[in-house]
Amino acid sequence: MSQLNSILSLFEITDPNIFITGISQSTDQNGLHIHRIHATLINTPICCPHCNSESLIKNGKHLSHIRLGTLNGGRYELELSRQRYLCHNCQKTCGAKTTIVQMNHTFSNNINHQVIQLARKSITAKTIGSILFPVDSLLNMVIY
């Protein structure tokens, strides 16, 4: 198993269509360390989801920022480049889909499940935020 596959398994990403292209580290304007995993999602749909036509062509890419969680006090994000497709029949676009995040969301499904489990234990939203995202909570305490 390569090092890149180990990163995917660490965050429980099992989608075989995700390929890691690189890893970078940066600091945002508030001084938080963000570790970015750059990846590409290549998943060719068989037919158009709007009209069921098979006349799809590649039409650029869309960059999604997916929040994966924290490890060792650092924030991890997946910058996922998703392939876009154009249908010649209905002139509508569609994109590659993955199971690690819901449509139009930025938190991964693993984070959503953790939030639900903690909420079932009657833990407040502020405490859940400080448990799952300790770096952000420390920043909020300094600002307020």
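What you are looking at is a predicted structure, and each value in this text was computed from that prediction instead of being measured.
Residue Leu63 belongs to no hydrophobic cluster, having no ILVMFWY side-chain heavy atom closer than 4.5 Å to its own. Residues near Ile116 contribute nothing to a hydrophobic cluster around it, because no ILVMFWY side-chain heavy atom sits closer than 4.5 Å to its side chain.
Here Thr99 pairs with nothing under the side-chain hydrogen bond (donor to acceptor under 3.5 Å, both in side chains) rule; sequence neighbours left out. Annotation: ring pair (Phe, Tyr, Trp, His ring centres under 6.0 Å) contacts of Tyr76 (sequence neighbours excluded): Phe11, His35. Every ring pair (Phe, Tyr, Trp, His ring centres under 6.0 Å) that Phe107 has, sequence neighbours left out, goes to Phe133. With sequence neighbours left out, the side chain to side chain contact (heavy atoms under 4.5 Å, CB included) criterion links Lys97 to Met103. Under the rule for a side-chain hydrogen bond (donor to acceptor under 3.5 Å, both in side chains), the partners of Thr127 that lie at least two apart in sequence or sit in another chain are Thr124. Annotation: side-chain hydrogen bond (donor to acceptor under 3.5 Å, both in side chains) contacts of Ser55 (sequence neighbours excluded): Ser53. Residues forming a side-chain hydrogen bond (donor to acceptor under 3.5 Å, both in side chains) with Ser24 (at least two apart in sequence, or on another chain): His38. Residues that satisfy the side chain to side chain contact (heavy atoms under 4.5 Å, CB included) test with Val115, not counting sequence neighbours, are Ile111, Ile128, Leu132.
Between atom OG of residue Ser26 and atom CD1 of residue Ile34 there is a gap of 5.0 Å, rounded to the nearest 0.5 Å. Separation of atoms CG (Asn109) and CD (Gln102) is listed at 5.5 Å; rounding is to 0.5 Å. Atom NZ of Lys61 and atom OG1 of Thr40 lie 5.0 Å apart (nearest 0.5 Å).
Residues Ala39 and Leu78 approach most closely at CB-CD1, 3.8 Å, considering heavy atoms. Residue Ile42 comes nearest to Phe19 through the heavy atom pair CD1-CD1, 4.4 Å, listed as atom of the first residue, atom of the second, then distance.
In this structure, Thr98 and Ile13 have side chains that are not in contact, with every pair of non-hydrogen atoms separated by 4.5 Å or more. Taking the side chain as every heavy atom from C-beta outward, Ile100 and Ile18 approach each other to under 4.5 Å. Taking 4.5 Å as the limit, some side-chain heavy atom of Arg82 sits within range of a side-chain heavy atom of Leu41.
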Can you list, pair by pair, the side-chain donor-acceptor contacts under 3.5 Å of residues 86-93, counting residues two or more places apart and other chains?
residue : atom : partner : partner atom : Å
Gln91   : NE2  : His88   : O            : 2.9
Thr93   : OG1  : Arg84   : NH2          : 2.7

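Residue pairs meeting the salt bridge (charged side-chain N to carboxylate O under 4.0 Å, His left out) criterion with at least one member in residues 33-42, sequence neighbours excluded: Arg36-Glu77, Arg36-Glu79.
Side-chain N/O atoms of Thr106 and Arg67 include no donor and acceptor closer than 3.5 Å.
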* Asked: Does the side chain to side chain contact (heavy atoms under 4.5 Å, CB included) test come out yes or no for Ile37 and Leu80, once each step is laid out?
  -> CA-CA 8 Å; Ile37 302 167; Leu80 189 61; over 6 Å; no

